[in-house]
Amino acid sequence: MYINAIGHYIPSKRVSNEYFKNINGLEADWIVQRTGIETRSRCSEDENVDTMAYEAVENALPRLPYSIKDVDLIVAAHYCAYDTVGSAAHRVQRKYGIQGAKALYASSACSSFVNGLEIIEGYFAMGKATRALLICSEQNSYYSTDSDPKAGHLWGDAAVAYFLSKDKESENDIKVLSVYTEGLGHIGKGPDGVMLRPKEGGISMPDGRDVFMNAVKYMEYALDKNLAKCGVKREDHTYFITHQANMRIVKQLARMMGAPMEKFLNNIQELGNTGSASAPLVLAQHQHDLKKGDIVSLMVFGGGYSCAAFTIQR
């Protein structure tokens, strides 16, 4: 499986830590120390999950080696939805007139993007699709409550769009070496660790410590499971990218792996936690920095709980 083109969209609005002092009583320095976040991206009033998806697709199109109308599978994989019936997949299909394509919506919290990638891998393996579009658009601000002192200050908004194919399309393609996902609803707080209930306060994280401990443990676990599939070693990597939930998680994971922080690419300082879009968004931002032969692994942990990882080679 190959990545043919990557696009992304980040709203221009930024919300600083100082904003939260009078909202939930948290000091700016405390937020930085506990999370690493200095600002977070926020949609404007005329933006939403679907409009960000359109922008991410538009950003990818100049690098796409075939017509978007040749796509035969559209997967929207994220947990923030503007409309759970007319999904972002269906909206994009309509906007670009992609006839004859399958279109669906899938969610597994912050593991959603990688689960979407695995769904596409499955369709390719079954011979039911050959070219796919994976959309991941998270408007956390649509559901979050700024006054929540446990999690209201964490969230950012952003979207990515990845075009993928079963076979190589051009010399610029990025090869997906392996994909691994696993549900972890049976561990720790499980489905109660992170919740999104629109009529009951939106996004909440009742026990951040449980999320922290399991995120560190199971992102490394998912990485090792995934690398065992493709035969790549940790020392072969140019970079690692983790789910951008908390900079302390990234640093702890780096210590556990015995890898220098220089090998970990991040954007949480400026954008906050952009949900399941966060890790693929970091890759999107650094795609032009990768050299031929570079290997990168992305690892994520999601509420529910779930973990996932995938490895690419330029």
Side-chain contact, heavy-atom cut-off 4.5 Å: [X] with [Y]?
X: Thr51; Y: Asp46; answer: no
X: Leu133; Y: Val75; answer: no
X: Val179; Y: Met1; answer: yes
X: Met126; Y: Glu121; answer: no
X: Val49; Y: His78; answer: yes
X: Ser306; Y: Leu184; answer: no
X: Glu220; Y: Leu253; answer: yes
X: Leu271; Y: Arg14; answer: yes

Strictly by modelled atom types, are [X] and [Y] linked by a side-chain donor-acceptor pair under 3.5 Å?
X: Glu138; Y: Ser276; value: yes
X: Asn24; Y: Ser147; value: no
X: Asp146; Y: Tyr19; value: yes
X: Asn226; Y: Thr311; value: yes
X: Gln244; Y: Asn266; value: yes
X: Asp72; Y: Thr130; value: yes
X: His237; Y: Ser297; value: yes
X: Tyr239; Y: Glu262; value: no
X: Ser278; Y: His243; value: yes

Same cluster for [X] and [Y] if Ile/Leu/Val/Met/Phe/Trp/Tyr side chains link at under 4.5 Å?
X: Ile37; Y: Ile249; answer: yes
X: Leu281; Y: Val296; answer: yes
X: Val250; Y: Val194; answer: yes
X: Val15; Y: Ile31; answer: yes
X: Leu223; Y: Ile241; answer: no

Run the salt-bridge test on Asp50 and Lys95 with the 4.0 Å N-O cut-off and return the result as yes or no.
no
Is Lys189 salt-bridged to Asp207, cutoff N-O under 4.0 Å?
yes
What do the steps show when you test Ser141 against Asp157 for side chain to side chain donor-acceptor pair (under 3.5 Å), and what is the final call?
CA-CA 7 Å; Ser141 63; Asp157 303 332; 2.6 Å; yes
Taking [atom1] in [X] as the centre, count heavy atoms belonging to other residues, nucleotides or ligands within less than 6.0 Å. Is the count above 12?
X: Arg94; atom1: CZ; value: no
X: Met256; atom1: CE; value: yes
X: Tyr82; atom1: OH; value: no
X: Lys217; atom1: NZ; value: no
X: Glu235; atom1: CD; value: yes
X: Lys251; atom1: NZ; value: no

Take the angle between the ring planes of Tyr305 and Phe301 and call it parallel below 30°, perpendicular above 60°, tilted in between.
tilted
Over 60° means perpendicular and under 30° means parallel, so tell me whether Tyr162 and Phe113 are parallel, tilted or perpendicular.
perpendicular
Tell me if a side-chain donor or acceptor on [X] pairs with a main-chain N or O of [Y] at a distance below 3.5 Å.
X: Asn4; Y: Ser165; value: yes
X: Arg42; Y: Gln139; value: no
X: Asn214; Y: Asp210; value: yes

Going through the checks in order, is the side-chain contact (heavy atoms from CB on, under 4.5 Å) test met by Asn140 and Ile203?
CA-CA 8 Å; Asn140 286 295; Ile203 301 176; 3.4 Å; yes
Dump the intermediate steps for salt bridge (Lys or Arg N to Asp or Glu O under 4.0 Å) on Asp173 and Lys168, then the final yes or no.
CA-CA 7 Å; Asp173 284 356; Lys168 190 174 183 178; over 6 Å; no
Spacing of [X] atom [atom1] and [Y] atom [atom2] [to the nearest 0.5 Å]:
X: Arg234; Y: Phe240; atom1: CZ; atom2: CZ; value: 7.0 Å
X: Thr39; Y: Ile268; atom1: OG1; atom2: CD1; value: 10.5 Å
X: Glu55; Y: Glu47; atom1: CD; atom2: CD; value: 7.5 Å
X: Lys229; Y: Asp224; atom1: NZ; atom2: CG; value: 14.0 Å
X: Ser111; Y: Met219; atom1: OG; atom2: CE; value: 9.5 Å
X: Lys150; Y: Thr145; atom1: NZ; atom2: OG1; value: 13.5 Å

Could you walk me through whether Arg91 and Tyr54 pass side-chain contact (heavy atoms from CB on, under 4.5 Å), step by step?
CA-CA 9 Å; Arg91 299 287 183 186; Tyr54 300 154; 3.3 Å; yes
Apply the test side-chain contact (heavy atoms from CB on, under 4.5 Å) to residues Tyr96 and Lys69: give CA-CA distance (whole Å), side-chain angles for both, the deciding distance (0.1 Å), then the verdict.
CA-CA 7 Å; Tyr96 292 97; Lys69 295 182 185 297; 5.6 Å; no
Within 45 degrees of the ring normal and closer than 6.0 Å to the centroid, is that where the cationic atom of Arg131 sits relative to Tyr66?
yes
Please evaluate residues His90 and Tyr105 with respect to the criterion ring pair (Phe, Tyr, Trp, His ring centres under 6.0 Å), reporting the C-alpha separation (whole Å), side-chain torsions for both, the decisive distance (0.1 Å), and the verdict.
CA-CA 9 Å; His90 297 89; Tyr105 169 62; 9.3 Å; no
So Glu182 and Lys225, salt bridge (Lys or Arg N to Asp or Glu O under 4.0 Å) or not? Walk me through it.
CA-CA 10 Å; Glu182 184 175 331; Lys225 285 282 190 178; 5.6 Å; no
Ala60 versus Phe163, closest heavy-atom pair with distance
CB-CE1, 3.8 Å
Of His153, Arg40, Glu38, which is the lone residue that meets side chain to side chain donor-acceptor pair (under 3.5 Å) with Asn17?
Arg40
